[in-house]
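Let me begin by presenting the structure, written as structure tokens, before commenting on it.
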Amino acid sequence: MRSKIVAGNWKMNKNLGETKVLLTELSAKLPETQAEVMVAPTAVNLASAVTQLGSSTIQVIAQNMHFAENGAYTGEISADMLLAVGVDTVIIGHSERRAYFGETDEILAKKVAAALAKNMRVMFCFGEELEDRRSVNHFNVVESQLKNALFTLDAADWSKIILAYEPVWAIGTGETASPEQAQEMHAFIRKTITEAYDEGVANNVSILYGGSVKPANAVEIFSKPDVDGGLIGGASLVADDFVAIIEAIG
Ligand SMILES: O=C(CO)COP(=O)(O)O
């Protein structure tokens, strides 16, 4: 059975003090939920967040990591460094990493392999840009992103993969894919994985939707059968909004 997941990607927001305040608020207001709840603070605040949350059910995850074990990669963070502070899940392939930091499918495939080699869970992000949706078959774009970074994995590796479909045109724009558009793409993703692997792999992987999820639209998006939760940006920075989104999944 795949899990329901609601994750907050805080991106480059919240300094140490603000991170503590938001986690205190979230912990106090956290509703009972069937979903795994995750937050991704910026790297410098991961260790303190893990310590603060202690045995809380809120999981702290990382926004990025490098593929190398260690070495001369100024400014980068390795899988071992994340594990050493108690973080065992990492977001890889966010569209902002692809767009602003030149992360190609090839680099992402190396990052995924490096994280899996350390037995970490990977939340793999992908999604088409606006031009893709307008001009070419955006299903092909999504399929090739998956294929290039993930389809060389063994079937067993997929127990460690979480997918986050984030259409780039819906990120931070206030424009969200309609629940029907999200469902259509999520069903396509599951079909693509079934063809590359089998139904068991496809049915067990959680596929999250990301892109302007808010309390007002979360219930409808989460009601779709192939949508297993959300990766939330802006709304995860406000405790009441994030809590409302967690409540929306039930
Ligand atoms: O990029 C996102 C999460 O990773 C989505 O961001 P928004 O929810 O702000 O659109």
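For ligands, and for the atoms within them, numbers begin at 1 and follow the listed sequence.
Only the side chain of Asn9 comes within 4.0 Å of ligand 1, counting heavy atoms alone; its backbone N, CA, C and O stay farther away. At a heavy-atom cutoff of 4.0 Å, ligand 1 is contacted by no atom of Ser95, backbone or side chain.
The protein heavy atom nearest to atom 8 (O) of ligand 1 is Gly233 N, 2.9 Å.
For Glu96, the salt bridge (Lys or Arg N to Asp or Glu O under 4.0 Å) criterion is met by Lys11, not counting sequence neighbours. Shown here are the salt bridge (Lys or Arg N to Asp or Glu O under 4.0 Å) partners of Glu128, two or more places apart in sequence or in another chain: Arg133.
Between the side chains of Glu36 and Ser3, at least one donor-acceptor pair of N or O atoms lies under 3.5 Å. Judged by distance alone, the side chains of Asn64 and Lys111 do bring a donor and an acceptor atom under 3.5 Å apart. Judged by distance alone, the side chains of Gln52 and Ser27 never bring a donor and an acceptor atom under 3.5 Å apart.
For ligand 1 and Ala170, the ligand atoms under 4.0 Å from any heavy atom of the residue are 10 (O). The ligand atoms of ligand 1 that sit less than 4.0 angstrom from a heavy atom of Glu166 are 1 (O), 2 (C), 3 (C), 4 (O), 5 (C). For ligand 1, the atoms lying closer than 4.0 Å to a non-hydrogen atom of Leu231 are 3 (C), 4 (O). Those atoms of ligand 1 that come under 4.0 Å of a heavy atom in Gly234, given as number and element, are 7 (P), 8 (O), 9 (O). Remark: ligand 1 atoms within the under-4.0 Å shell around heavy atoms of Gly172 are 7 (P), 9 (O), 10 (O).
For the pair Lys11 and ligand 1, a heavy-atom separation below 4.0 Å is found. For Cys125, the closest heavy-atom approach to ligand 1 does not fall below 4.0 Å. The closest approach between a heavy atom of Ser212 and any atom of ligand 1 is below 4.0 Å. Residue contact annotation: Gly211 has a non-hydrogen atom under 4.0 Å from ligand 1.
One finds a salt bridge joining Lys118 and Asp80 here, because a Lys/Arg side-chain nitrogen approaches an Asp/Glu carboxylate oxygen to under 4.0 Å.
In this pair, Trp158 and Phe151 present their aromatic rings tilted. The plane angle is within the 30 to 60° band.
Using a 4.5 Å cut-off on side-chain heavy atoms (C-beta onward), Met185 and His138 make contact. Here the side chains of Tyr209 and Glu166 are not in contact, with every heavy-atom distance at 4.5 Å or above.
Every N/O-N/O distance between Lys214 and ligand 1 stays at or above 3.5 Å. The shortest N or O to N or O distance between His94 and ligand 1 is below 3.5 Å.
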